[in-house]
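Just so you know, residue 1 is the first one in the sequence shown, and it goes up from there.
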Amino acid sequence: MRQAIQKNALILSAFAIACTALVGGVHLLTKDTIKLQEQQYLLNTLNQVIPPAQHDNDLYQDCVRLIGSQSNDFVELAYLATLEGQPSAAAITTRAPDGYNGNIELLVAMNYDGSVSGVRVLKHNETPGLGDKIEEKRSDWILSFNGRSVSQNDDPRWQVQKDGGVFDQFTGATITPRAVVKAVKDTALYFERNKDAMFTQFPACRDRNESL
C-alpha cells in the first residue's frame, strides 16, 4: 500500500513538473509575439481615437507618464498628438476602479480645446451580454462621448440617464456605464487642468509601452 502511494506521488510530481516546464516554455516562445500584438492593438486604437489628420508626430513615441492623476495610485500614460509643432490632442490611459467586476481600463482621447476626441475600452471583466456593451464591437455606446466637454466636477450631464445625466445605461448593467462615465469625466477634468504642463513634459514612458 505504502509503495503504491509513493509511486502515485512520484507520478503526480513528475506530471506537475512536466506541465510547469511546458507552460514556461510556451510563455518564452510566445511572449514576444504577444507583446507585438498588444503594441499593434494599442497603435490601432490610438489612431481610432486620434485620427491621423489630427497629428503629424509619432503618437507611440511621444508619451509621458502621469502619476497620481486621479484618486488612486494608478500610473497613467498620455500619448501626445501635435500638428505642425502645436498641441492638438492627447490619448490618456486610465481606469474605472468601480466596474461591476473590477477595474475597467480605458483610453480617453481629448482634443486640445477640451472636447472628447474618442474613448475606447482596453480591458475589462464585465458580464458578457450586459456590461460588455461598453466595447465598440458590441455597441456604439462608447461613441456617445465624442465631442462632449466638461468644465466642472458636478456637471449634471455627466451621469447616466437613471441618475439624471445624458448617457444611456444598459438594462441590467447600470454599474458598468456609470463607472465609465465617471472615469471619462475625471480624465477630461484632469486634462483641462494639466494639458499645458503635459505638453511641456519630456517623453519618457518607453519601458511602460513595452510592457503593454
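- Considering only heavy atoms from C-beta on, Ile92 comes within 4.5 Å of Met198 through its side chain.
- Contact between Gly118 and Val49 at its shortest, heavy atoms only, is C-CG1, 3.7 Å.
- Surrounding OH of Tyr100 are at most 12 heavy atoms belonging to other residues, nucleotides or ligands under 6.0 Å away.
- Counting heavy atoms from C-beta outward, Gln161 and Gln169 have side chains that approach closer than 4.5 Å.
- Of the possible polar contacts, none joining the Ser149 side chain to the Gly114 backbone as a donor-acceptor pair under 3.5 Å is found.
- Between Leu122 and Tyr41, some side-chain heavy-atom pair lies under the 4.5 Å cut-off.
- One finds the CZ atom of Arg120 at 11.5 Å from the CZ atom of Phe145 (value rounded to the nearest 0.5 Å).
- Nearest heavy atom pair, residue Phe167 against residue Ser144, reads CD2-OG, 3.6 Å.
- No single ILVMFWY cluster, assembled from side-chain heavy atoms under 4.5 Å apart, contains both Ile175 and Val160.
- Of the inter-residue distances, the one linking Lys185 atom NZ with Gln159 atom CD reads 7.0 Å to the nearest 0.5 angstrom.
- Leu83 and Leu59 fall into different hydrophobic clusters, where Ile, Leu, Val, Met, Phe, Trp and Tyr are joined by side-chain heavy atoms under 4.5 Å apart, directly or via other members.
- Using a 4.5 Å heavy-atom threshold, the side chains of Glu135 and His124 count as touching.
- In this structure, Arg95 CZ and Glu105 CD are separated by 7.0 Å, a value rounded to the nearest 0.5 Å.
- In this structure, the side chains of Leu42 and Tyr79 come closer than 4.5 Å at one or more pairs of heavy atoms.
- The closest side-chain heavy-atom distance from Gln54 to Asn111 is below 4.5 Å.
- Between the CG atom in Asp113 and the CD atom in Glu192 there is a gap of 8.5 Å [rounded to 0.5 Å].
- Here the shortest heavy-atom pairing between Leu106 and Ala183 reads CD1-CB, 3.8 Å.
- Asp62 contributes no side-chain N or O that, together with a main-chain N or O of Leu80, makes up a donor-acceptor pair within less than 3.5 Å.
- Across every non-hydrogen atom of Val150 and Ala188, the tightest pair is CG1-CB, 3.5 Å.
- Of the possible donor and acceptor atoms, one in the side chain of Asn47 sits under 3.5 Å from a partner among the backbone N and O of Leu43.
- Residues Tyr112 and Asp196 bring a donor and an acceptor atom of their side chains to less than 3.5 Å of each other.
- Taking both residues in full, the closest heavy atoms of Lys162 and Arg178 are given as CD-NH2, 4.4 Å, listed atom of the first, atom of the second, then distance.
- By the 6.0 Å contact criterion, CD on Gln152 is enclosed, its count of non-hydrogen atoms from other residues, nucleotides or ligands being greater than 12.
- If you take OG1 on Thr94 and CG on Leu66, they are separated by 9.5 Å, rounding to the nearest 0.5 Å.
- For the residue pair Ala81 and Ile50, the shortest heavy atom distance occurs at CB-CG2, 3.9 Å.
- The shortest distance between side-chain heavy atoms of Phe199 and Val64 does not fall below 4.5 Å.
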| request: Check the pair Asn153 / Asp186 against side-chain contact (heavy atoms from CB on, under 4.5 Å), numbers first and verdict last. | output: CA-CA 8 Å; Asn153 189 52; Asp186 290 347; 4.1 Å; yes

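- Comment: Asp98 does not engage Lys182 in a salt bridge, judged by the lack of any side-chain N to carboxylate O separation of less than 4.0 angstrom.
- Here the OG-CE distance, from Ser117 to Met110, works out to 9.0 Å after rounding to the nearest 0.5 Å.
- Side-chain contact annotation: Gln48 with Asn44, donor-acceptor N/O pair under 3.5 Å absent.
- Contact of the Val180 side chain with the Ile104 side chain is registered, since non-hydrogen atoms from C-beta on lie closer than 4.5 Å.
- Within the 3.5 Å criterion, the main-chain N or O of Arg157 finds a donor-acceptor partner in the side chain of Asp155.
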